[in-house]
Amino acid sequence: MAIQHRLLLVDSYDSFTHNLAALCKQAIPNSLISIIKNDDFNIEQLRQYLPYFSAVIIGPGPGSPDVPEDIGVVRDLWKLQDEELLPIFGVCLGLQSLSIEYGALLKRLNVVKHGLLSRIHHNGQDIFDGVASINAVRYHSLHVQLRGTDIEPLAWAHDEENGKVIMGVRHTSRPFWAVQYHPESVCTKGGGIEVVQNFWKLAQSWTQTVGRKTIPWTLSMSSTLPNIWPPALSPKLAIPHSPVSRVLSSTLKRPNLSIIDICEAFGASQESTRFVLLDSAAQPGRYSIMGCLNSDSVQLTYRVGCPFVTLTVNGKPSHHDLASQSIWKWLANFMRQHYASGGNPDIPFWGGLIGFLSYELGVDTLHVPFDKSKDSQRSRHPDLNLVFVERSIVVDNHTGQTHIQSLDQNDHAWISETVAKLEALSPGLASNKHDSFKSLPKVTMPSKQSYISKIKQAKEYLYSGDSYELCLTAQTQIATPPLTTTSSSSWERYKRLRKSNPAPHSAYIRLQPSTLLSSSPERFLSYTRSPNTVCQLRPIKGTVRKSPEITRAVAEKALAGSPKEVAENLMIVDLIRHDLHGALGESVDVKQFCSVEEYETVWQLVSVIEGRAGTTSTESHELGWHILEHSLPPGSMTGAPKKRSVEILQHLEDEDRGIYSGVFGYWCVSGGGDWSVTIRSCFKYDEEIAGREAPSVEQWAIGAGGAITALSDPDAEWEEMETKLHSVLRAFGAFPPGVSKQSLLLQGFPGEQDEPEAISDLPSYVERGRGRNAQITYTFIPQTNPANSMIMEVPSYTEDAYSSYYISVNLNCFTPTSFITTIRKGGWDGEVMGDFEMGISKSGTMCFKGFECPIGEVLSTKMFRSTGYYWKSQFDETRDALELHWVEESSSSSSGMSQSLMASRIFSLLMIRQVNLLSTVLPGKRKIIEQYCCQVHNRQSSKEAWKSSDADTPPDQPKRPRPSR
């Protein structure tokens, strides 16, 4: 039998620790790894256990090595007496701690390195013996400057911004080695397993030289240090002896029958009843699951900190004590009593729990204390709201088949009745046409000043090493009249959301006192039935909206080609690997890393991580639930390291997140499950009105935010948060303050497309282009013919009309008077900022189509100042055209355009009635239009500076905001 080597891994509350354990297990055969936190023991307590171990691994972690609370017992390990010595290998924080204990200076990097790859140079000695080239992932904002003779450099990186940065060291007389980079990261190539193997060879050599012997492991040590990796799954998870029931099912094929039709035939429009729908409303989603609930359906609710779980049947709640169990174990016991078999193996859901788990429920599993100032708010709302579904209808959107299922062994009559009802149901009963909003809702957004201040605070935590990435969020409150008083207002609102923002992980969950409407694009965790359970997570970091101009090649460059986007995705991938390794052991693989996937309305940067339970016969059907417990809250909604990031966010955010950024989905009676991240969603709580008439005003909440990194621009992050709000706000006829109702027409606002509403008052925002001898103000007016279009008018200029608001244009419909002009930044070969479709009407107006570009500067003069020309508009009634003139200011020649082109200083944009006449528009002038350049500047800070200055033209644009996720 091979000798087992025991390693002690000291975890400084990092989110990559189990990845490092997996690397050590791979590099050191027959090793068992005991994991402790750096504050579990003081050095006096730990001394007595060190003789049981062959070596110590010091893992990475947040914070600083010179802060006792951050480093714990680690600093004392470097000062062990000679007779206590054992080999130690440190990573990241471990290198910094080793170095400063022996005289090094600790400094901040000029530019932090979080999730970024670097070429590592080394001297080929010690732990780098025989190691070839290294491209390694770095997660650090601090570094060391070596002093004295005790610590010797072995490796380094050459940063353009930071100079030479130490990447590997050894102690000259003690068996201590360390690296600054992360050898365990999925993207580290070279310098990973090879370096750990070299460390183990050096450790064994040193051990033999000094004659050190380890003490055999004892039963008492197993109780003292119980956290041994890889984990043993079988003792923790019980297995039912046999299924409690078998699934009854029937199938029919009605491909023309939508899930919305079915829902409305089975009670979705009745607001007073409970209803659940998990809806694959867009590709690549496949199955839509509807629960057929009745008064007997068991609803389970729980609030964090409560000693009981509440079960409601026939409207009557009863409390069930948790005793010494967690809510997770209580629910596992509950599901064990309902285990079923015999369903269609191709259908993922046969029956079971459907509902949502809040963000705070996940925070509670991390043992992070809650902000007591939020306690009164938290105690009112359930953190877990699930219903046990015995009867269900599942629609396979790929095959057109509809599956009717029941867990009741005597439910043959209901199955037959439901099949007959579906066969008789006429398709298309659910109208896609929505009435116009009768009144606008009141939208209360977070304070921009406060939000940006929190972004700056978050970045300081990143600079100090406390986190690599923080997902900062805030909630927007909406007060709105019900859409209808004759049926379910929330259901009507969900249909609007589904139409305006279809998503593969949509949901309508009406479980009083909570209602959730979701158009989430992101699956969090899915797990298959046992045996051989496969768990899969699909984090999304990086999104660009689809348009004719955004091809796959463009999306690949914007997402997979962006080091910043890839770094954000990588941090979450490494975090998820840690979560899965912690629950499953070694069997974790990254199946897909940072691939660009095409969805119905967007391109997204998606990674896929899978974990397997192995082939042991003791595997439980509760394994997926166990992994869900240990993976919450979603890392994409916290940042990394997870626990420290959550602690920081508790301080930064003003209120609980509630349902937002938790998860929703199902746990099937067969052991499978599928949970999605609660984003692009809205929710409301109705505890205060239970048992009373429907309120005259509904109170909804929408959470939104973004991942803050060291490279984040605060204004750009605010804009990203606003952008994410738009996808849900359309379901309310709402928009952020500063955006007019008319601007929603530019985005294909639902309800106005079929019967556009005439609006007589001018919108509140105005844009202008400005030149030395010309000042032009642009305003926008909605059009009823053609529907869903906007026109840009050129009235006289008044200073009072000026506003710094920038509209992001994204037309779905536009006038058929068109040709394309490309707007570029900085020069003729500069970055494309927008492709606009332009047209003219008799009143002297223009409409534009494009993306992420301020309309007001389409005709600005910035780029023409150096050439001596500027734009001037003039309407010619006799020619039914608006003329745009290049007016010569001086005799200076053009540096960017040929004299022959500049000689044609006047051209007209003629009104064309047919799109197919596009090619006949202004032949010879198309090149001029396509070459037109425009400087685009930031939305507010630079505009305010320009407004208060004497400059004739706006300042240059800072770096363009990154794509939204």
Qualifying residue for ring-ring contact (aromatic ring centres under 6.0 Å, His included) with Phe89, from Trp177, Phe199, Trp200: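 Single pass found, and it is Phe199.
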One thing to verify: whether [Y] and [X] come together as a salt bridge, which I'm taking to mean a side-chain N less than 4.0 angstrom from a carboxylate O.
X      : Y      : result
Asp129 : Lys201 : no
Asp76  : Lys79  : no
Glu717 : Lys459 : no
Lys643 : Asp11  : no

Which heavy-atom pair separates [X] from [Y] by the least distance, and what is that distance?
X      : Y      : answer
Ala136 : Thr188 : CA-OG1, 3.8 Å
Tyr463 : Ala710 : OH-O, 3.6 Å
Ala157 : Arg138 : CB-NH1, 3.7 Å
Thr224 : Phe41  : O-CZ, 4.2 Å
Val588 : Ile609 : CG1-CG2, 4.0 Å
Pro521 : Ile540 : O-CD1, 3.3 Å

Determine all donor-acceptor pairs shorter than 3.5 Å in which one atom belongs to a side chain in residues 363-370; sequence neighbours excluded.
from, atom 1, to, atom 2, distance (Å)
Thr365, OG1, Gly362, O, 2.5
Thr365, OG1, Leu632, O, 3.4

For [X] and [Y], indicate whether the former's side chain and the latter's backbone hold a donor-acceptor pair under 3.5 Å.
X      : Y      : value
Ser358 : Leu361 : yes
Lys189 : Ser133 : no
His630 : His626 : yes
Thr207 : Arg212 : no
Ser607 : Pro539 : no
Ser631 : Ile627 : yes
Glu360 : Arg657 : yes
Asn532 : Arg612 : no
Arg577 : Glu184 : yes
Asn19  : Asp574 : yes

Any side-chain heavy atom of [X] sitting closer than 4.5 Å to one from [Y]?
X      : Y      : value
Tyr49  : Ile36  : no
Ile134 : Phe128 : yes
Gln96  : His140 : yes
Ser34  : Phe53  : yes
Gln180 : Cys92  : yes
Pro183 : Val195 : no
Leu146 : Ser99  : yes
Leu80  : Leu50  : yes

Which value, rounded to the nearest 0.5 Å, describes the distance between [X] atom [atom1] and [Y] atom [atom2]?
X      : Y      : atom1 : atom2 : answer
Leu109 : Leu142 : CG    : CG    : 7.0 Å
Ser636 : Ile679 : OG    : CD1   : 6.5 Å
Ile28  : Ser54  : CD1   : OG    : 9.0 Å
His18  : Lys25  : NE2   : NZ    : 14.0 Å
Thr638 : Leu649 : OG1   : CG    : 7.5 Å
Leu570 : Leu575 : CG    : CG    : 11.0 Å

With side-chain hydrogen bond (donor to acceptor under 3.5 Å, both in side chains) as the criterion, how do Glu653 and Thr473 come out once you've worked through the C-alpha distance, each side chain's angles and the decisive distance to 0.1 Å? CA-CA 7 Å; Glu653 297 181 352; Thr473 73; 3.0 Å; yes
Any idea how [X] and [Y] line up, ring-wise: parallel (<30°), tilted (30 to 60°), or perpendicular (>60°)?
X      : Y      : value
Trp78  : Phe176 : perpendicular
His158 : His121 : tilted
His651 : Tyr461 : perpendicular

With side chain to side chain contact (heavy atoms under 4.5 Å, CB included) as the criterion, how do His505 and Phe524 come out once you've worked through the C-alpha distance, each side chain's angles and the decisive distance to 0.1 Å? CA-CA 10 Å; His505 305 289; Phe524 175 58; over 6 Å; no
Using the test ring pair (Phe, Tyr, Trp, His ring centres under 6.0 Å), find all partners of His114 that sit at least two apart in sequence or belong to another chain.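 In terms of ring pair (Phe, Tyr, Trp, His ring centres under 6.0 Å), with neighbours along the sequence ignored, His114 is linked to Tyr468.
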With sequence neighbours excluded, what pairs up with His143 under the ring pair (Phe, Tyr, Trp, His ring centres under 6.0 Å) test?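 Partners of His143 by the ring pair (Phe, Tyr, Trp, His ring centres under 6.0 Å) criterion come out as none, since no residue qualifies.
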Step-by-step side chain to side chain contact (heavy atoms under 4.5 Å, CB included) determination, Phe593 to Cys187: CA-CA 9 Å; Phe593 179 72; Cys187 284; 3.5 Å; yes
Do Val169 and Val144 pass the side chain to side chain contact (heavy atoms under 4.5 Å, CB included) test, and can you show the C-alpha distance, the side-chain angles, and the key distance before you say yes or no? CA-CA 11 Å; Val169 300; Val144 296; 5.6 Å; no
Would you please name every residue forming a side-chain contact (heavy atoms from CB on, under 4.5 Å) with Ala332, sequence neighbours left out?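 side-chain contact (heavy atoms from CB on, under 4.5 Å) check on Ala332 returns Arg336, Glu622, Trp625, Trp667.
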N/O donor to acceptor pairs below 3.5 angstrom from side-chain atoms of residues 57-74, sequence neighbours left out:
from, atom 1, to, atom 2, distance (Å)
Ser64, OG, Asp66, N, 3.4
Ser64, OG, Asp66, OD1, 2.3
Asp70, OD1, Arg644, NH2, 3.1
Asp70, OD2, Ser64, N, 3.0

Enumerate the residue pairs fulfilling salt bridge (charged side-chain N to carboxylate O under 4.0 Å, His left out) with a member in residues 109-124, sequence neighbours excluded, ordered by first and then second residue.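 Counting only pairs at least two positions apart or across chains, the salt bridge (charged side-chain N to carboxylate O under 4.0 Å, His left out) contacts touching residues 109-124 are Lys113-Glu161.
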Kindly determine whether His122 and Leu154 satisfy side chain to side chain contact (heavy atoms under 4.5 Å, CB included), including the steps that lead there. CA-CA 6 Å; His122 59 81; Leu154 298 176; 5.9 Å; no
If you apply the rule side-chain hydrogen bond (donor to acceptor under 3.5 Å, both in side chains), what do you find for Ser467 with Ser645, and how did you get there? CA-CA 6 Å; Ser467 180; Ser645 296; 2.9 Å; yes
Using side-chain contact (heavy atoms from CB on, under 4.5 Å) as the criterion, point out the one residue from Val606, Leu605, Ile572, Val566 that pairs with Lys541.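 Considering Val606, Leu605, Ile572, Val566, a side-chain contact (heavy atoms from CB on, under 4.5 Å) with Lys541 is found only for Ile572.
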